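All remarks here apply to the structure that follows.
In this chain, residues are counted from 1 in sequence order. Keep in mind the model is a prediction, meaning the values are calculated, not measured.
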Amino acid sequence: MKKVRVITAEEAAMLVKDGDTVSTGGFVSCACPEALSKALENRFLETGSPRDLTLFFAAGQGHRDGTGGDHFGHEGMVRRVIGGHWDRAPKLGELALNNKIEAYNLPQGVITHMYRDIAAGSLGTITHVGLYTFVDPRNGGGKLNEHTKEDIVKVVEIEGQERLLYKAIPIDICFVRASYADEYGNCTVHREIGPLDVTAQCQATKNSGGKVIVQVEKIVQGGSLDPRLVKIPGIYVDAIVVGSIEDNMQCLGMPYDGALTGEFRIPVDAIPPIPMDAKKIIARRAAMELPADAIVNLGTGAPEKIANVAAEEGISDKMTLTVEAGSIAGVPYGGTQFGAAANAMAILDHNVQFDFYQGGGLDVAFLGLAETAPNGDLNVSKFGTRLAGAGGFIDITQNAKKVVYCGTFTAKGLKTECKDGRLVITQEGAKKKFVNQVEHITFSGKYAVQVKQPVLYITERAVFRLEPEGVTLIEIAPGIDLQTQVLDQMEFMPRISPDLKLMDERIFREELMGLAND
């Protein structure tokens with residue numbers, strides 16, 4: 001092997017030409033190639049070039065503070081953006097919402113698989129994931145604004161079954177982060193939260209005839225790296241850039257933590273009890289849906305509290321938590337370390353984790369509850385002037401054996417308290433979540449009914465089940481008035497189960513529920 005070319009971040013930025021398709025690595029605030037993205041941004045701001053780029057990424061990148069994807073968030077710098085999650089890059093989102101760029105949102109897991117299919121020279125990625133959601137071309141094809149015209153997703157029929165074909169996107173430049181590189185360009189990711197998509201991204205770029213630029217912490221002697229740790233072989237790499245300590249932080253603004261890489265394990269103290277509020281009520285009711293030895297994915301918000309409730313109730317060992325970034329078991333982290341897990345038993349590639357998810361490996365997924373329609377459709381991706389993006393939501397919710405949506409019944413100002421095993425609404429939320437029609441179909445109730453997927457919608461005052469006839473009320477909290485505090489707070493009339501019952505009174509008391517004995 002020949003020795004790899006070592007260049008500066010500024011020299012790497014000069015390799016990008018007007019109109020190129022650039023793929024960047026990273027997962028939210030972790031493993032972002034900040035030195036490379038910053039250098040490209042600075043070049044554009046100083047010279048006006050490169051222009052009209054296509055930015056292509058899977059997981060959202062950045063921390064809503066100008067980092068990650070927002071280095072590309074300048075009018076004229078990008079012409080088109082294709083991404084899985086937009087929330088971490090508000091400048092890009094603003095360009096999309098203002099019709100300044102062509103903008104697409106595709107399922108995060110699908111994009112991770114697109115990298116592999118591009119590398120393999122396939123015409124595209126064929127999958128059921130996204131059917132009947134907003135990425136289905138019959139519902140918009142993932143387009144986020146009126147300026148976006150080209151169809152990059154199409155419906156195909158194979159063996160009598162409908163599938164979606166996501167067209168392959170050749171990559172001209174790939175910016176990714178690794179840990180160490182040797183003199184021949186072989187790169188490890190042993191100090192990152194996981195391998196993410198680096199192998200597939202680099203293969204896709206190389207086989208597209210593009211250039212692979214890898215940002216690393218340091219360069220070591222050729223042949224001194226454990227080949228089992230090398231995730232990017234030197235034959236894929238065109239140049240190496242050594243970033244600063246700040247630009248190589250494991251997660252933005254956070255020092256290296258070996259517990260997130262498997263270098264060592266840390267003692268995990270008992271998780272302290274969380275206060276009795278609406279989210280704890282929801283988490284308690286949701287925890288009752290855990291099957292024995294469940295393989296689980298927890299979303300952010302109210303679903304995160306399920307881990308706290310499980311610890312309090314002594315049933316943490318009855319489930320194995322997984323994170324879409326790649327970890328199996330352990331303790332998932334949040335904030336700028338979201339995507340990482342301490343004490344994981346295994347850390348897989350991002351795309352490999354989604355293989356398992358898309359194939360139905362999750363026993364149950366607990367995700368956030370936002371806009372919900374009478375037929376069970378759910379929107380978590382676009383709300384007027386806020387563009388969040390679907391992330392892995394579609395991949396996970398369409399394929400888990402069971403889906404439980406967790407969230408407050410209303411939003412904006414809701415206040416509750418519990419008295420003697422009863423729920424009291426002290427201030428109603430100003431915004432209704434159960435609406436006549438959702439703005440974006442991130443989850444398709446029609447598809448769930450078609451594949452006979454069990455779906456629950458759990459709130460602090462009511463529990464609904466998705467049935468062929470639509471969203472059906474099956475439980476109501478003790479102390480709640482059905483008409484004024486449930487039905488009047490919805491834009492539509494749900495079907496009411498003839499077996500409507502009260503939610504378990506234990507949920508609304510301070511003492512432990514005793515789930516370990518159930």
Tell me whether the rings of Tyr405 and Phe393 are parallel (<30°), tilted (30 to 60°) or perpendicular (>60°).
parallel
Using the rule side chain to side chain contact (heavy atoms under 4.5 Å, CB included), only one of Ile7, Asp247, Asn248, Ile219 pairs with Val242; which is it?
Ile219
Tell me which pairs pass side-chain hydrogen bond (donor to acceptor under 3.5 Å, both in side chains) where either residue lies in residues 27-37, with sequence neighbours left out.
Glu34-His71
Between Arg177 and Glu192, does any side-chain N to carboxylate O distance fall below 4.0 Å?
yes
So, do Ile394 and Phe134 sit near enough that their side-chain heavy atoms are less than 4.5 Å apart?
yes
Check: Glu146 main-chain N/O paired with Lys149 side-chain donor or acceptor under 3.5 Å:
yes
Could you go through Tyr236 and Gln203, starting from their C-alpha distance and side-chain angles, then the distance that decides it, and tell me whether this counts as side chain to side chain donor-acceptor pair (under 3.5 Å)?
CA-CA 7 Å; Tyr236 302 167; Gln203 287 179 337; 2.9 Å; yes
Heavy-atom distance under 4.5 Å between the side chains of Cys202 and Asp197, does that happen here?
no
Mark yes when over 12 heavy atoms from residues, nucleotides or ligands other than Lys318 sit less than 6.0 Å from its NZ; otherwise mark no.
no
Just checking Met276: does its CE atom have more than 12 heavy atoms from other residues, nucleotides or ligands closer to it than 6.0 angstrom?
yes
Using side-chain heavy atoms (C-beta onward) and a distance below 4.5 Å, is Leu164 in contact with Ile126?
no
Between the side chain of Ser208 and the main-chain N/O of Ile171, is any donor-acceptor distance below 3.5 Å?
yes
Determine whether the side chains of Thr125 and Asp117 contain a donor N or O and an acceptor N or O closer than 3.5 Å.
yes
Heavy-atom closest contact (Gly73 atom, Leu92 atom, distance)
CA-CD2, 3.8 Å
At their closest point, which heavy atom of Ala96 faces which heavy atom of Ala103, and how far apart are they?
CB-CB, 3.6 Å
Phe44: ring pair (Phe, Tyr, Trp, His ring centres under 6.0 Å) partners, not counting sequence neighbours:
none
Tell me whether the centres of the aromatic rings in Tyr166 and His113 are closer together than 6.0 Å.
no
Working for side chain to side chain contact (heavy atoms under 4.5 Å, CB included), residues Asp52 and Asp18:
CA-CA 6 Å; Asp52 299 324; Asp18 290 356; 5.7 Å; no
Under 3.5 Å, side chain of Asp395 to main-chain N/O of Val110, donor-acceptor pair present?
yes
side-chain hydrogen bond (donor to acceptor under 3.5 Å, both in side chains) partners of His85, counting only residues at least two apart:
none
Are more than 12 heavy atoms, taken from residues, nucleotides or ligands other than Glu41, located less than 6.0 Å from that residue's CD atom?
yes
Is a salt bridge present between Lys279 and Asp277, judged by a nitrogen-to-oxygen distance below 4.0 Å?
no
Any side-chain heavy atom of Gln108 sitting closer than 4.5 Å to one from Glu324?
yes
Answer yes or no: is there a donor N or O on one side and an acceptor on the other, between the side chain of Asp20 and the main chain of Leu53, under 3.5 Å?
no
Criterion side chain to side chain donor-acceptor pair (under 3.5 Å) on Thr67 and Lys38, from CA distance to verdict
CA-CA 8 Å; Thr67 53; Lys38 282 195 298 187; over 6 Å; no
Return each pair, listed once, that meets salt bridge (Lys or Arg N to Asp or Glu O under 4.0 Å) where at least one residue sits in residues 76-93; pairs must be two or more places apart or across chains.
Arg64-Asp87, Arg79-Glu102, Arg80-Glu102, Arg80-Glu150, Asp87-Arg386
Polar side-chain atom of Asp172 near backbone of Thr21 as donor-acceptor pair, under 3.5 Å
yes
Hey, does Ile347 have a side-chain heavy atom less than 4.5 Å from the side chain of Pro195?
yes
Closer than 4.0 angstrom, basic N to acidic O: yes or no for Asp151 and Lys167?
no
Going by the rule side-chain hydrogen bond (donor to acceptor under 3.5 Å, both in side chains), which residues pair with Lys382 if we only count those two or more places apart in sequence or in a different chain?
Glu439
Tell me, do Met114 and Ile111 make a side-chain contact under 4.5 Å, heavy atoms counted?
yes
Side-chain donor-acceptor pair present, Ser381, Thr442, cut-off under 3.5 Å:
yes
Looking at Thr322 and Ile328, would you say the former's side chain and the latter's main chain have a donor-acceptor pair under 3.5 Å?
no
Any donor-acceptor pair under 3.5 Å linking the side chain of Asp238 with the backbone of Val212?
yes
Tell me if the centroids of the rings in Phe56 and Tyr115 come within less than 6.0 Å of each other.
yes
In terms of side-chain geometry, is the basic nitrogen of Asp182 or Lys3 positioned less than 4.0 Å from the acidic oxygen of its partner?
no
Please indicate whether Met1 has more than 12 foreign heavy atoms, meaning atoms of other residues, nucleotides or ligands, lying under 6.0 Å from its CE.
yes
Taking C-beta and beyond as the side chain, do Gln61 and Thr24 meet within less than 4.5 Å on heavy atoms?
yes
The side chain to side chain contact (heavy atoms under 4.5 Å, CB included) partner of Tyr104 among Ile82, Val135, Val81 is Ile82
Backbone N/O of Ala181 and side chain of Asn186: donor-acceptor pair under 3.5 Å
no
Minimum heavy-atom separation for Val28 and Cys32, please, with both atom names.
O-SG, 3.3 Å
Min side-chain heavy-atom separation Phe366-Ile396 under 4.5 Å
no
Hey, is CD1 on Ile245 packed in by over 12 heavy atoms from elsewhere, all under 6.0 Å?
no
Using salt bridge (charged side-chain N to carboxylate O under 4.0 Å, His left out), reason through Lys280 and Glu312 one step at a time and then give a plain yes or no.
CA-CA 11 Å; Lys280 182 169 184 175; Glu312 289 179 32; 3.0 Å; yes
Is a side-chain donor-acceptor pair under 3.5 Å present for Glu217 with Tyr180?
no
Tyr256 six-ring centre to Arg191 NZ/CZ under 6.0 Å and within 45° of normal:
yes
Does Thr148 offer a backbone N or O that forms a donor-acceptor pair with the side chain of Asn145 under 3.5 Å?
yes
Of Asn379, Leu378, Thr372, the one forming a side chain to side chain contact (heavy atoms under 4.5 Å, CB included) with Val438 is Asn379
Applying side-chain hydrogen bond (donor to acceptor under 3.5 Å, both in side chains) as the test, list every pair that has at least one member in residues 327-349; sequence neighbours left out.
Lys231-Asp349
What's the shortest heavy-atom distance between Ala294 and Val364, and which atoms?
CB-CG1, 4.4 Å
We want to know whether Ser23 and Gln201 form a side-chain donor-acceptor pair, criterion being a heavy-atom distance below 3.5 angstrom.
yes
Give a yes or no answer on whether the side chain of Asn297 reaches the backbone of Ala365 with a donor-acceptor pair at less than 3.5 Å.
no
Distance-only polar pair, side chains of His128 and Gln358, donor-acceptor under 3.5 Å
no
